[in-house]
Amino acid sequence: MSKLAKFFIICAAVCVLGIVMSFAGYAAGGVDDLQKVADKHEWLIVGPNSTETDLLTVGEFQSIEAEGSLDITVIAPGEELDEEAVPNFVEDMYYQGTAGTVAVKWGKGNGAPVVTNENGVLKIKGSSEDFDTAQVNLTGEDPSPDVIVFCSDNELESIHINDKYGDTAIVCVKSKNTKITAESGDIVIENVEGGEIAAETNTGDINADNIVSSKMALKAGTGDIDISECGGEISAETATGDIEFAAALPQSQFEMDLSINTGEISINEDTIDAKEFYAKGEPNKLVFRTDTGDIDADFSED
C-alpha cells in the first residue's frame, strides 16, 4: 500500500472517529475514550505528550551538521539563556551540560534525534517528512525534538543547519562559517563571532544581535528581520515583513542602500518620502530590501 493511500485511510478514520465522539459526547467518555485510541496508535497525539530526555557525551568536534525537523540551540555552556532563544528544556538538564555534550528531548511520534561524532564533525539528524503514517497532533504543542549542543570556547570550522520545521538559535559561539536554512521556523543569532554568516527561513522571523562577522546575509520569505549591535557588511531581504536595524554607532559609520516596494523607510524615526534611500559612509555597509514591509534604521548620535 502506498504512503498516499495510507494517508487518506488515516484521514478517513480520524473523521469517522470525530463524528462518533461528537455524538457520544462526554456521556461516552469524551476525551478519555479518544486518549485510549491514542495510547494504541503512534500516529495520534491527544493529551500531554510524554517525553524522554538524554544527555549525550560526544567529545571534541570542529564542525556541526544538522538536518531534519528540530528545535536546536548551539551554545557555549554556562551562558545565561534568553527564554525566546532556547527550547523549553528541563532546567537541570541545561545546567548539567558541558562542552562536548548534547542534550536531547523527544516525544511520541518522533524518534530520538540521531547524534554522532564522525571524525570531529558532529552530525545531528532529526525527524523528516518521510513518515510511514500521517501524524495527527491535537495538543497544539510543537512535536519537533529539542536539541542543545554545548560547544567549547574554541572557534568551530563551520555550523551548517538545514531545519525543516523548528526554531534555531546560535548563542555565544565562534565559527568561521555559519549557514542556517529553515522551511518554517524562527532563527536567532546572538553574541556570535566569526567569518561569514548566512540565515534564511521561508516562514519565520530572524533576530541577529551583537554579531562580529566579515559578512552577514539574512533572508525571510514571510517574517520580520531584527538586527541590533552588528557591523560589517550586512544584507537583509524579506518578501513580506519589516526590517529593523539598531546600531550603537553613528550613521556616518554606515553606507546604506535601502529599498522598499510597499511600505515606509525611516532613519532615526524620520520617515523618508521615497522608495529608495542611499547614503555614503564607512567602514560598514547595509543593503536592505523588502517587497511588502517597512525599513527602520536607528543610529547613535555623532
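Everything quoted here is computed from the prediction, not taken from an experiment.
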Peer 1: Begin with the C-alpha distance, continue with both residues' side-chain angles, and end with the deciding distance and a verdict on side chain to side chain contact (heavy atoms under 4.5 Å, CB included) for Ile189 and Thr178.
Peer 2: CA-CA 10 Å; Ile189 309 169; Thr178 301; 5.8 Å; no
Peer 1: Distance alone, cut at 3.5 Å: any donor-acceptor contact between the side chains of Thr292 and Thr262?
Peer 2: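 Checked: Thr292/Thr262 side chains show no N/O donor-acceptor pair below 3.5 Å.
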Peer 1: So how far is it from Glu282 CD to Ser252 OG, rounded to the nearest 0.5 Å?
Peer 2: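 Separation between the atoms: 9.5 Å.
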Peer 1: Do Phe150 and Thr98 make a side-chain contact, defined as non-hydrogen atoms from C-beta onward lying under 4.5 Å apart?
Peer 2: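 Of all side-chain heavy-atom pairs linking Thr98 with Phe150, none is under 4.5 Å.
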Peer 1: Just by modelled atom types, is the Gln253 backbone N or O under 3.5 Å from a matching donor or acceptor in the Asn284 side chain?
Peer 2: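 Yes; at least one donor-acceptor contact below 3.5 Å.
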Peer 1: If I take atom CD1 from residue Ile260 and atom CD1 from residue Ile243, how far apart are they, to the nearest 0.5 angstrom?
Peer 2: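 Reported to 0.5 Å precision, the distance equals 10.5 Å.
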Peer 1: Could you tell me the separation between the SG atom of Cys172 and the CD atom of Glu190, rounded to the nearest 0.5 Å?
Peer 2: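 It comes to 6.5 Å.
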Peer 1: With respect to Ile225, which candidate in Asp242, Ile295, Leu218 satisfies the side chain to side chain contact (heavy atoms under 4.5 Å, CB included) definition?
Peer 2: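 It is Leu218, the one option of Asp242, Ile295, Leu218 that forms the side chain to side chain contact (heavy atoms under 4.5 Å, CB included) with Ile225.
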Peer 1: Using the rule that two of Ile, Leu, Val, Met, Phe, Trp, Tyr join whenever any of their side-chain heavy atoms come within less than 4.5 Å, decide whether Val102 and Val121 are in one cluster.
Peer 2: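 Per the 4.5 Å side-chain linkage, Val102 and Val121 are not co-clustered.
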Peer 1: So, Ser235 side chain and Val287 main chain: donor-acceptor pair closer than 3.5 Å or not?
Peer 2: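 Not confirmed, Ser235 side chain does not pair with Val287 backbone.
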Peer 1: Identify the two heavy atoms, one from Gly100 and one from Phe61, that lie closest to each other, and give their separation to 0.1 Å.
Peer 2: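 Heavy atoms only, the tightest pair is CA-CE2, 4.2 Å.
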Peer 1: Search all heavy atoms of Ile170 against all heavy atoms of Val192 and return the closest pair with its distance.
Peer 2: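 Nearest heavy atoms, Ile170 then Val192: O-CG2, 3.5 Å.
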Peer 1: Is Asp205 reaching over with its side chain to a backbone N or O of Asp186, donor-acceptor style, under 3.5 angstrom?
Peer 2: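 No, the answer is negative, given that no donor and acceptor are paired below the 3.5 Å cut-off.
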Peer 1: Any sub-3.5 Å donor-acceptor pair from Arg289's side-chain atoms to Asn261's backbone N or O?
Peer 2: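 Checking the backbone N and O of Asn261 against the side chain of Arg289, no donor-acceptor pair under 3.5 Å is found.
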Peer 1: Flag yes if Val212 and Ile197 sit in one hydrophobic cluster, no otherwise; membership is Ile, Leu, Val, Met, Phe, Trp, Tyr, and two members link when side-chain heavy atoms are under 4.5 Å apart.
Peer 2: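 No.
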Peer 1: Indicate yes or no: at least one non-hydrogen side-chain atom of Val58 is less than 4.5 angstrom from one of Val115.
Peer 2: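 Answer yes - side chains close enough.
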Peer 1: Answer yes or no: are there more than 12 heavy-atom neighbours, outside Lys275 itself, under 6.0 Å from its atom NZ?
Peer 2: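 Yes.
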Peer 1: Please name the pair of heavy atoms, one in Asn210 and one in Cys230, separated by the smallest distance, quoted to 0.1 Å.
Peer 2: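 Looks like N-SG, 3.8 Å.
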Peer 1: Same cluster or not: are Phe277 and Phe245 linked, directly or through other Ile, Leu, Val, Met, Phe, Trp or Tyr residues, by side-chain heavy atoms under 4.5 angstrom apart?
Peer 2: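 Both belong to a single hydrophobic cluster.
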Peer 1: Is the shortest side-chain heavy-atom distance between Glu269 and Asp298 below 4.5 Å?
Peer 2: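 Side-chain contact under 4.5 Å: yes.
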Peer 1: Output the distance between atom CG (Leu122) and atom CD1 (Ile124), rounded to the nearest 0.5 Å.
Peer 2: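 Nearest 0.5 Å value for the CG-CD1 distance: 4.5 Å.
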Peer 1: Going through the distances and angles, do Cys151 and Ile64 end up as a side chain to side chain contact (heavy atoms under 4.5 Å, CB included)?
Peer 2: CA-CA 10 Å; Cys151 300; Ile64 299 173; 4.0 Å; yes
Peer 1: Are Lys164 and Glu183 close enough for a salt bridge, meaning some N to O gap below 4.0 Å?
Peer 2: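 Salt bridge between Lys164 and Glu183, a charged N being under 4.0 Å from a carboxylate O: yes.
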Peer 1: In terms of the angle between their ring planes, are Phe254 and Phe299 parallel, tilted or perpendicular, with boundaries placed at 30° and 60°?
Peer 2: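 Rings of Phe254 and Phe299: tilted, as their planes differ by 30° to 60°.
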Peer 1: Is Leu258 close to Ile272 at the side-chain level, that is, under 4.5 Å between some pair of heavy atoms?
Peer 2: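 Sidechains of Leu258 and Ile272: no contact.
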Peer 1: CG of Asn117 to CG of Leu56: how many Å apart, nearest 0.5 Å?
Peer 2: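 Here the interatomic distance stands at 11.5 Å.
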Peer 1: Take Ser214 and Glu196 through the side chain to side chain contact (heavy atoms under 4.5 Å, CB included) test and state the conclusion after the steps.
Peer 2: CA-CA 6 Å; Ser214 58; Glu196 294 190 3; 3.8 Å; yes
Peer 1: Is a side-chain donor or acceptor of Asp294 paired with a backbone partner of Glu264 at a separation under 3.5 angstrom?
Peer 2: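 Yes, Asp294 side chain to Glu264 backbone: donor-acceptor pair under 3.5 Å.
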Peer 1: State whether a side-chain donor-acceptor pair under 3.5 Å links Thr290 with Thr238.
Peer 2: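 The answer is yes; a qualifying pair exists.
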Peer 1: Which heavy atom of Leu156 sits nearest a heavy atom of Ser63, and at what distance?
Peer 2: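 Distance-wise, the nearest heavy atoms are CD2-N, 4.4 Å.
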Peer 1: Determine whether Pro77 and Thr101 make a side-chain contact, defined as any pair of heavy atoms from C-beta on separated by less than 4.5 Å.
Peer 2: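 Counting from C-beta outward, Pro77 and Thr101 never come under 4.5 Å.
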Peer 1: Which heavy atom in Met216 sits nearest to a heavy atom in Ile227, and how many Å separate them?
Peer 2: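 Closest pair (atom of Met216, atom of Ile227, distance): CE-CG2, 4.3 Å.
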Peer 1: Measure the shortest side-chain to side-chain distance between Lys176 and Ser158 over non-hydrogen atoms and say whether it is less than 4.5 angstrom.
Peer 2: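 With C-beta onward as the side chain, the pair stays apart.
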Peer 1: Could you pull out the closest heavy-atom pair between Ser69 and Pro145, with the gap in Å?
Peer 2: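 So the minimum-distance heavy-atom pair works out to O-CD, 3.3 Å.
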Peer 1: If I take atom CG from residue Asn154 and atom CD from residue Glu60, how far apart are they, to the nearest 0.5 angstrom?
Peer 2: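 The distance works out to 7.5 Å.
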Peer 1: Any donor-acceptor pair under 3.5 Å linking the side chain of Ser300 with the backbone of Ala248?
Peer 2: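 Yes: the side chain of Ser300 pairs with the backbone of Ala248.
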Peer 1: Within the distance-only criterion (no hydrogens, no angle test), does the side chain of Asp71 pair as donor or acceptor with the backbone N or O of Gly166 below 3.5 angstrom?
Peer 2: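 Between the backbone of Gly166 and the side chain of Asp71 there is no qualifying donor-acceptor contact (under 3.5 Å).
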Peer 1: Using a 4.5 Å cut-off on heavy atoms from C-beta on, say whether the side chain of His160 contacts that of Asn177.
Peer 2: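 Contact flag for Asn177/His160 side chains = yes.
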